[in-house]
Amino acid sequence: MADIKLYFSEELLSWFHIHKRTLPWRQNRDPYRVWVSEIMLQQTRVDTVIPYYERFMDRFPTVTALAEAPEAEVLKCWEGLGYYSRARNLQAGAREVVDNYNSVIPDDADAVAGLKGIGPYTRGAVMSIAFNRPEPAVDGNVMRVLSRYFCLEDDIAKPRTRIQLEHLAKSLIPEGAAGDFNQALMELGALVCTPKSPGCLTCPVMVHCQGRLVGKENVLPIKTKAKPPREERRLVALIEGSGSNVGKVLVRQRPETGLLAQMWELPHLLEEEVVQEGKAIKTGRGRKKKDTIIEESSAVMGLSASPDSGQMEQLGRGLAAETGLLIRPRHRWMEAEHIFSHIIWKLDVFLADFGFVLKEKEIQQMQYETLLQGGLVAAEQKAEYNNFETAPDQLFSGYAASETAASVSGPEQQEVPLPAGYRWIGPEDMRELAFPNVFLRILGNYWSERY
DNA sequence: TACACGTGGCG
DNA sequence: TCGCCAAGTGT
């Protein structure tokens, strides 16, 4: 056993010296650079990380720079990378280093482990790569490589297995070469001992690989399957501004915690299921899965005749209840799908007009009459309009299509105070605000179609 | 322990 | 097409 372990460590290290890739975070051992790279690489491929890493280090070259930056800027730099709490935790960690360690990342495993966003793996990676301390850094690669080489059949999805493998990995670290050895282990997993069809024939430790000797290189490691993601159909409002907000759309910032925390998005809500005769039926129509733009022609039909009217009403009512604002979905515009690890979003995106809120009931009535007289509300849409009269809080909306707003006499349209977190933005504002990819795609479609 | 937490690439 | 999975952490 001792022979097999010694062989493994020595051969692997030799192999690494020859085959290690040139990567941006391997320019030097600056603990900050190592730290940032390790956070970005969590659950994320090398090729995906590289451009983000370059940009990030360019913008935040030091712990101090990161600590002092506005959080929104950090998030924007992370836009598209996913797992956004990593970015917030990283910055929180940077601030801890500035506040508690005189802006120097401590050469101390316990101190490093205490930083936000640093768990067992990252602690080991930073301590070994940056400080060459003999700490194990066990990630998915390492668990796979060790499971195969030592023919271990424990479920690597279980935390206990990771802890056992940490002890094993630590015992393999050659004297004075912790950083290189840990990286070699991961490099082998990434380049040779891959999840599917491992390249055993080019593997530097093949001859003593216990898993392969038993013919189990393709069944190891053992890993229980993850639960399949649940499906959510969501109604999205692409609300177009009028008056002083012409050319802009209404967006909002997500809550501080949870899914896509603090990212910006289009207003949307979970579609409620309609129950009919004992079985649940979605109000939406079955459609294609990927992003699909709905042609304008299909949307011009009368609202009451539209099969989408149920969804549009739900969207209008739901947003009114949530925000106090009234919007008027006009027609289904596109569909999009977004797959998280635990949720699948099926999005129905509706173009919508913004209805400004008036306070006095008489004014509401007067305005409504004005709109009717002006022929601005088609007869067939009247029923739809009336739906708004029973909206929560008895709010009633003037029809805020730009030409309508301009023609309404009597009480001036007031600047409607937006609820906290809501904002009108144009394309140029996308440079500052961080959006998750789904909404980047939708808004990208929108701006490109419009201009 | 189990789940929340993004996104893209690949066979 | 689709399931798997990638340098995990926090709760």
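Order of the sequence lines fixes the chain letters, A, B, ..., with proteins taken first and strands second; residue numbering starts at 1 for each chain.
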message: Heavy atoms only, 4.0 Å cut-off, all strands: where does A:Ile118 land among base, sugar-phosphate and nothing?
response: sugar-phosphate
task: Using only side-chain N and O atoms of A:His342, determine if any of them is under 4.0 Å from OP1 or OP2 of B:dA4.
output: no
message: Counting the atoms with a prime plus P, OP1 and OP2 as sugar-phosphate, which does A:Gly258 contact under 4.0 Å by heavy atoms, base, sugar-phosphate, or nothing?
response: sugar-phosphate
query: So, A:Arg450 and A:Glu240, do they make that salt bridge, N to O below 4.0 Å?
result: yes
- request: Just call it for A:Leu23: base, sugar-phosphate, or nothing, with non-hydrogen atoms closer than 4.0 Å on any strand.
  value: base
- prompt: Starting at CZ of A:Arg254 and ending at C1' of B:dG6, how long is that distance when rounded to a whole Å?
  reply: 12 Å
- prompt: If you look at every strand shown and take non-hydrogen atoms under 4.0 Å, does A:Ser197 touch a base, only sugar-phosphate, or nothing?
  reply: nothing
query: Looking across every strand, which nucleic acid part, if any, lies under 4.0 Å from A:Arg144 by heavy atom: base, sugar-phosphate, or nothing?
result: sugar-phosphate
query: B:dG11 P sits how many Å from A:Arg45 CZ, rounded?
result: 10 Å
- prompt: Hey, which of these two, A:Thr44 or A:Lys158, hits DNA chain B nearer its 5' end, going by closest nucleotide?
  reply: A:Lys158
query: So what does A:Pro436 touch, heavy atoms closer than 4.0 Å: a base, only the sugar-phosphate, or nothing?
result: sugar-phosphate
- prompt: Any side-chain N or O of A:Asn437 under 4.0 Å from OP1/OP2 of B:dG8?
  reply: yes
query: Contact class for A:Arg26 vs. all strands (heavy atom < 4.0 Å): base, sugar-phosphate, or nothing?
result: base
field: Sugar-phosphate, base or nothing in reach of A:Ile339, heavy atoms under 4.0 Å
entry: base
- prompt: According to a strict under-4.0 Å criterion, is A:Tyr83 in side-chain N/O contact with OP1 or OP2 of C:dA6?
  reply: no
task: Classify the nucleic acid contact of A:Val49 as base, sugar-phosphate or nothing, counting any heavy atom under 4.0 Å across all strands shown.
output: nothing
Base B:dG8 paired with A:Thr48 side chain (donor-acceptor, <3.5 Å): no
- prompt: With a non-hydrogen cut-off below 4.0 angstrom, is A:Trp345 in contact with a base, only sugar-phosphate, or nothing?
  reply: nothing
- prompt: Do the side-chain N or O atoms of A:Thr122 get closer than 4.0 angstrom to the phosphate oxygens (OP1, OP2) of C:dT9?
  reply: yes
- request: Can you tell me the distance, in whole Å, between the NZ atom of A:Lys227 and the P atom of B:dT1?
  value: 17 Å
message: Main chain of A:Gln42, side chain of A:Thr44: is a donor-acceptor contact present, judged purely on distance under 3.5 Å?
response: yes
message: So, does A:His338 get its side chain near the phosphate of B:dG6, meaning an N or O under 4.0 Å from OP1 or OP2?
response: no
message: Using modelled atom types and a 3.5 Å cut-off, is there a donor and acceptor pairing between side-chain atoms of A:Lys20 and backbone atoms of A:Arg26?
response: no
field: A:Arg133 NZ/CZ over A:Phe131 ring centroid, <6.0 Å and within 45° of normal
entry: no
message: Looking only at the aromatic ring of each residue, does the gap between the centers of A:Trp78 and A:Phe56 stay below 6.0 angstrom?
response: yes
